[in-house]
Amino acid sequence: MTYDFTSILNRHGQDSIAVDGLGDGMGSSPARPREGFDSIPMWVADMGFATAPSVVEAMRARLDQPHFGYYQARDAYYEAIMDWHRTRKGVHDLEREHIGYENGVLGGVVSALGALCSPGDNVLVHSPTYVGFTHAVGDHGYHLVHSPLVLDEAGVWRMDFDDMERRIVENHVHAAIFCSPHNPCGRVWERWEIERAMEVFEAHDVYVVSDEIWSDLLLDGHVHVPTQQVSPWAHEHVVALYAPSKTFNLAGLIGSYHVIYNPWLRDRVQREGSLSHYNAQNVLSMHALMGAYSPEGGEWADELCRVLSANARYAYEHIRDTYPGVTCARAEGTYVLLADCREWCERSGMSYDRLVRAGWDVGVTWHDGRLFDCPGSVRIAVSVPHAQVIEAFARLDKYVFV
Ligand SMILES: Cc1ncc(COP(=O)(O)O)c(C=O)c1O
């Protein structure tokens, strides 16, 4: 391996929510572990790996020019994004004018919904649902309409197209959030699935906000298909959102962007985003993106995906082979696994609350599934060195699933 994905980073005292943001377990943060256990951070969706060297080099080069006045994005920023989408996602028609900065992908979701919805409108999402969507939609006065994903006979999460259609019609839905790859289910949608979903949306005039923040984190050779590329309709009716933040562990720098081909839609979303006067990029985060979306950044991301694939495979197989009554789909993308523990709780007599706590107590700092509309499940982020994944499951064997 060329890059270091094995050292255990000491993130304590380094402004990291994942390690220093633990509480008493009463709010949305997990509780600190019991005396004698360190915490293995598996809740916040960031990583226990240093970012790519090319990111740090690009930022350092900019720091060597110590003036940070008002600035404008340089051509190389747009070119880096266009190159990244061409070489890694097979997109050949992306031009500078289609790209616009967003203060976080969730900021982009909110701007897009602001352009598409009136307060009180219904917005379709799939459930389990990323907690950020739940807040972004609810906080702005829209209502969530959940269309549940279903596990097929092979244990793969699938959309239920009939259910989506029924809910769209019954609730007069005209905007949907589509998460691709899907957090927290770890699904990388196949082309035919995205095509079918877009056909349902097209048939009922539903504009789509496609959150593709996870689209570079593909496991075991799975391939991401950009939503806008599946049909001429999708090209013109989908607001797509991307960021280097998940891939390169840059969430603390803030730096996301939209791709919107349709000029009418783009003007509306950009206007909406401009109203807060906060939707402006930080110059260092621009340079971080250029370092990330470089050939060296690409090599680093490829290696990362191999590390995450091994972690996710280990976790999936360990759960399948060791914990009767716990079910979990194989993650195809992202680095999160959703483990359904309902049957295990029933068999063992342990309450779900107790189970979540039992993990936290021994430093397996996983996420409570209720945050994702999935009571009875835990979300486990395997974005730490492999040795920590093994250690986490060893503790679960010894202290939790006994
Ligand atoms: C699907 C999805 N969208 C958006 C975000 C957050 O993105 P940002 O920090 O750019 O707002 C996350 C973070 O976990 C996520 O999983």
Side-chain angles (χ1 to χ4, degrees), residues 15-18 21 28-29 41-48 51 81 99-114 123-140 144 146 149 157 176-189 208-218 224 226-227 238-259 269 273 276 278-282 285-286 288-289 292 308 331-338 366-369 371-374 379-383:
D15 323 304
S16 158
I17 292 179
S28 58
S29 314
M42 303 181 112
W43 59 299
V44 173
D46 65 15
M47 302 194 287
T51 189
I81 294 176
I99 301 165
Y101 176 73
E102 294 293 348
N103 230 359
V105 159
L106 283 179
V109 169
V110 168
S111 296
L113 293 179
V123 176
L124 190 91
V125 291
H126 292 114
S127 60
T129 312
Y130 163 52
V131 60
F133 295 155
T134 306
H135 287 300
V137 171
D139 292 351
H140 288 82
L144 288 150
H146 293 104
L149 300 175
W157 288 101
I177 303 175
F178 183 58
C179 193
S180 178
H182 190 273
N183 171 18
C185 293
R187 204 48 235 296
V188 176
W189 306 111
V208 179
V209 183
S210 182
D211 179 336
E212 301 180 35
I213 195 170
W214 291 99
S215 57
D216 299 314
L217 295 183
L218 302 169
H224 173 73
T227 307
V238 171
V239 172
L241 297 163
Y242 299 93
S245 56
K246 292 289 163 221
T247 321
F248 292 92
N249 210 13
L250 301 176
L253 281 177
I254 317 288
S256 311
Y257 58 95
H258 66 232
V259 169
V269 174
S276 70
Y278 293 130
N279 199 20
Q281 185 163 219
N282 176 305
S285 113
M286 177 180 77
L289 180 142
L308 295 177
E332 300 174 346
T334 78
Y335 44 65
V336 293
L337 283 94
L338 193 64
W366 52 21
H367 233 329
D368 187 323
L371 292 167
F372 305 92
D373 294 301
C374 222
R379 193 190 74 166
I380 310 172
V382 291
S383 46

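Both counts, for ligands and for their atoms, begin at 1 and track the order of listing. We're numbering straight along the sequence, starting at 1.
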Within reach of ligand 1, part of Ala243 (heavy-atom separation under 4.0 Å): neither
Ligand 1 contact on Ala251 by region, counting heavy-atom pairs under 4.0 Å: neither
Leu250 and Ser285, any side-chain heavy atoms less than 4.5 Å apart: no
Side chain to side chain, Thr334 and Lys246, heavy atoms closer than 4.5 Å: no
Rounded distance [0.5 Å steps], [atom1] in [X] versus [atom2] in [Y]:
X: Leu241; Y: Ile213; atom1: CG; atom2: CD1; result: 8.5 Å
X: Gln281; Y: Leu253; atom1: CD; atom2: CG; result: 10.0 Å
X: Thr247; Y: Met47; atom1: OG1; atom2: CE; result: 7.0 Å
X: Ser111; Y: Asn103; atom1: OG; atom2: CG; result: 9.0 Å
X: Tyr130; Y: Phe372; atom1: OH; atom2: CZ; result: 8.0 Å

Among all the protein's non-hydrogen atoms, which is closest to [atom], and how far away is it?
atom: atom 16 (O) of ligand 1; result: Asn183 ND2, 2.8 Å
atom: atom 13 (C) of ligand 1; result: Lys246 NZ, 2.9 Å
atom: atom 7 (O) of ligand 1; result: Ile213 CD1, 3.3 Å
atom: atom 8 (P) of ligand 1; result: Val105 N, 3.5 Å
atom: atom 1 (C) of ligand 1; result: Asp211 OD2, 3.4 Å
atom: atom 5 (C) of ligand 1; result: Tyr130 OH, 3.3 Å
atom: atom 11 (O) of ligand 1; result: Leu106 N, 3.0 Å

Under 4.0 Å to a heavy atom of Ala45 - the qualifying atoms of ligand 1, by number: 14 (O)
Numbered atoms and elements of ligand 1 in range of Ser256, under 4.0 angstrom, heavy atoms: 10 (O)
Min heavy-atom dist Cys179 to ligand 1 below 4.0 Å: yes
Enclosure of Asp15 CG (heavy-atom neighbours >12, cutoff 6.0 Å): no
